[in-house]
Participant: 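To start, I am sharing the structure in question, which I have written as structure tokens.
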There are 2 protein chains.
Amino acid sequence: MPKATSTKRKTFRHGDLRNALLAAGLEMARKGGPDAVVLREATRQVGVAPNAAYRHFANQADLLDAVRSACISQLAAAIEAELAAVKAGRDKKLYARRSLMAVGRAYLCFAMREPGMFRTAFSVIPDIHGDNKANTASLGLNPFQLLSMALDRMLDAGLLSKKDRQGAEFLAWSSVHGLALLKLEGPLHAMPVEAIEALGERLVQMVERGISQ
Amino acid sequence: MPKATSTKRKTFRHGDLRNALLAAGLEMARKGGPDAVVLREATRQVGVAPNAAYRHFANQADLLDAVRSACISQLAAAIEAELAAVKAGRDKKLYARRSLMAVGRAYLCFAMREPGMFRTAFSVIPDIHGDNKANTASLGLNPFQLLSMALDRMLDAGLLSKKDRQGAEFLAWSSVHGLALLKLEGPLHAMPVEAIEALGERLVQMVERGISQ
DNA sequence: GGCGTATTGTGAACACTGTCCACATACCGT
DNA sequence: ACGGTATGTGGACAGTGTTCACAATACGCC
């Protein structure tokens with residue numbers, strides 16, 4: 001009974017089912033956030049029986065985790081692009097400041113542009129056995145490492161003492177992350193994006209000023 | 001006379017079903033976060049048929065929203081208590097600074113002490129028709145308004161210019177909120193609470209320094 | 001007091017989800 | 001060629017939110 005199940009596939013084997021499911025899941029996450037990535041719907045879109053997913057993912061949490069990883073990669077790529085746009089001139093301090101600014105802005109812009117992906121990226125409580133292999137973009141760096149890079153430039157430029165540099169990632173990250181989430185799934189939901197972006201500018205300046213003792 | 005026994009009630013009418021369901025939901029949120037508040041389970045604990053809930057809540061989102069509101073009230077109460085502990089001495093600047101510190105610390109402490117409630121408090125995208133009636137504690141102020149109070153003291157003490165005061169709530173709030181969420185449902189999940197609290201201290205200092213231009 | 005009526009809880013059902021089992025199929029190395 | 005194994009199917013189960021028709025109760029009005 002080789003009745004091709006209602007959709008396109010001709011061969012019994014799909015050939016690339018894992019990736020297809022992941023792509024479907026990613027799209028669902030993109031336009032609906034983490035709660036929208038539902039296993040059965042993914043199989044339906046791909047044109048395959050629900051159980052087929054279990055040959056490639058342990059369960060839906062596993063699928064969601066893969067989607068989440070992809071989302072983080074996209075975020076990393078966005079930051080990387082913005083960071084690449086700032087060129088190292090002769091003024092090291094300016095360079096450093098612009099780098100930090102770029103990371104913060106890219107982070108927020110991504111959150112505004114791709115709310116579903118952003119929320120998905122940080123929706124799941126990550127496993128302790130965190131294998132952050134795939135959380136990277138072309139440079140092979142995840143968002144956290146890109147932020148670290150910018151902060152290192154601040155250290156190099158003498159804008160940050162060695163002591164203040166320690167753990168500075170978390171301070172900067174928290175600020176921007178908080179604003180993004182207050183907008184995306186918090187009480188700032190109704191605030192227009194322009195206002196958020198204006199706040200973002202002030203926020204990054206605040207971090208820059210306040211981060212050094 | 002209808003007694004709300006947790007096991008089996010005598011009367012047909014419950015008498016206080018709405019509150020009972022809300023209490024059950026709040027407890028589930030407390031020990032499992034927003035995803036743990038499930039309508040059927042609440043009715044089961046109260047000893048009532050699932051449909052009975054629909055006489056008091058439009059749907060489970062409505063129930064969850066009520067639970068969320070209760071969580072915010074608890075957060076407000078925690079902040080209020082910490083804020084009440086700082087006394088106004090002769091040094092207005094110290095008073096203001098300690099007030100801001102207290103709000104930030106209370107916010108983070110609550111997040112660490114009651115992760116389920118905290119996550120629930122900010123899990124739902126709030127309705128635009130925000131009726132923030134119940135989001136308050138004894139003072140009748142929600143967390144945002146308490147933060148505003150602390151910032152007003154900064155303004156009074158001359159630690160903040162009028163211009164910098166505008167929208168400063170969002171800057172301070174974002175920072176602390178971000179740290180809390182990075183810990184509770186983000187990549188900082190594995191970081192020990194002591195480290196988070198140490199970061200919190202630094203964070204509030206950063207805000208204090210960076211918030212004024 | 002008695003009775004009609006709106007309020008509140010019940011029972012059965014539906015659609016949907018994740019997940020498991022046994023089975024069928026197609027590919028692959030020997 | 002053929003048997004083993006990876007991969008997909010069908011059918012089932014528990015659990016969820018939700019709706020409909022119905023039953024029991026409390027309350028107001030005469």
Side-chain angles (χ1 to χ4, degrees), chain A residues 1-25 27-29 31-68 120 123-125, chain B residues 1-25 27-29 32-68 120 123-125 127:
Chain A
M1 54 202 66
K3 135 189 156 169
T5 44
S6 74
T7 38
K8 49 234 169 198
R9 185 165 95 271
K10 207 68 163 61
T11 60
F12 184 85
R13 299 297 176 92
H14 181 284
D16 197 21
L17 185 50
R18 196 197 140 91
N19 279 346
L21 289 173
L22 209 161
E27 186 56 21
M28 294 190 294
K31 61 170 78 152
D35 292 342
V37 36
V38 33
L39 188 143
R40 283 183 103 110
E41 175 62 22
T43 63
R44 216 174 291 133
Q45 287 183 13
V46 174
V48 92
N51 313 340
Y54 288 85
R55 300 293 178 190
H56 303 273
F57 299 96
N59 46 35
Q60 92 92 225
D62 193 28
L63 167 62
L64 180 55
D65 200 68
V67 172
R68 172 189 131 269
T120 305
S123 66
V124 188
I125 298 183
Chain B
M1 21 227 67
K3 196 67 180 70
T5 67
S6 57
T7 54
K8 187 76 170 189
R9 73 185 182 288
K10 264 316 188 172
T11 60
F12 184 84
R13 299 297 177 88
H14 182 283
D16 197 21
L17 185 51
R18 196 196 141 91
N19 279 344
L21 288 173
L22 209 162
E27 185 55 24
M28 297 191 292
D35 291 342
V37 36
V38 31
L39 189 144
R40 283 183 104 109
E41 174 62 22
T43 64
R44 216 173 291 133
Q45 287 182 13
V46 174
V48 93
N51 315 343
Y54 288 84
R55 299 293 177 188
H56 302 273
F57 300 96
N59 47 34
Q60 91 93 225
D62 192 28
L63 168 61
L64 181 55
D65 200 66
V67 172
R68 170 190 132 268
T120 305
S123 65
V124 188
I125 299 182
D127 202 358

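Numbers restart at 1 for each chain; the letters A, B, ... are given by sequence-line order, proteins then strands. Excluded from the calculations below are hydrogen atoms, water molecules and symmetry mates; all remaining heavy atoms, backbone and side chain alike, are included.
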Participant: Using OP1 and OP2 only, check whether a side-chain N or O of B/H56 sits under 4.0 Å from C/dT7.
Facilitator: no
Participant: Could you state the atom-to-atom distance from CG of A/L63 to C1' of C/dT19 in whole Å?
Facilitator: 14 Å
Participant: Roughly, in whole Å, what's the span from CG in B/L17 to C1' in D/dA26?
Facilitator: 16 Å
Participant: Roughly how many Å is it from CZ in A/F57 to C1' in C/dG18, rounded to a whole number?
Facilitator: 15 Å
Participant: I need the CG-C1' distance between A/D62 and C/dG18, as an integer number of Å.
Facilitator: 14 Å
Participant: Rounded to the nearest Å, what distance is computed from the CD atom of residue A/E41 to the C1' atom of nucleotide C/dA15?
Facilitator: 14 Å
Participant: Each nucleotide N or O in nucleotides 18-22 of chain D that has a protein N or O under 3.5 Å away: list the pair and distance.
Facilitator:
{"residue": "D/dT18", "atom": "OP2", "partner": "B/Y54", "partner atom": "OH", "Å": "3.1"}
{"residue": "D/dT18", "atom": "OP2", "partner": "B/Q60", "partner atom": "N", "Å": "2.8"}
{"residue": "D/dT18", "atom": "O5'", "partner": "B/Y54", "partner atom": "OH", "Å": "3.3"}
{"residue": "D/dT18", "atom": "O4", "partner": "B/R40", "partner atom": "NH1", "Å": "3.1"}
{"residue": "D/dT19", "atom": "O4", "partner": "B/N51", "partner atom": "OD1", "Å": "2.8"}
{"residue": "D/dT19", "atom": "O4", "partner": "B/N51", "partner atom": "ND2", "Å": "3.2"}

Participant: Indicate whether OP1 or OP2 belonging to C/dC16 is found under 4.0 Å from a side-chain N or O atom of A/R44.
Facilitator: no
Participant: Whole angstroms only, please: what is the CG-P distance between B/D35 and C/dT17?
Facilitator: 17 Å
Participant: Mind checking side chain to side chain contact (heavy atoms under 4.5 Å, CB included) for A/R55 and listing every partner two or more places apart, or none if nothing turns up?
Facilitator: none
Participant: Apply salt bridge (Lys or Arg N to Asp or Glu O under 4.0 Å) to B/E27 and list each qualifying residue two or more places apart in sequence or on a separate chain.
Facilitator: B/R30, B/K31
Participant: Under the side chain to side chain contact (heavy atoms under 4.5 Å, CB included) rule, collect the residues that match up with A/N19, sequence neighbours excluded.
Facilitator: A/D16
Participant: Please give, in whole Å, the distance from C/dT8 C1' to B/D16 CG?
Facilitator: 13 Å
Participant: Which residues satisfy the side chain to side chain contact (heavy atoms under 4.5 Å, CB included) test with A/L17, sequence neighbours excluded?
Facilitator: A/H14, A/L21, A/V46, A/V48, A/A52, A/H56
Participant: For residues B/L39 and B/L63, report the shortest heavy-atom separation together with the two atoms involved.
Facilitator: CA-CD2, 4.2 Å
Participant: B/L22: what forms a side chain to side chain contact (heavy atoms under 4.5 Å, CB included) with it, not counting sequence neighbours?
Facilitator: B/R18, B/A66, B/A70
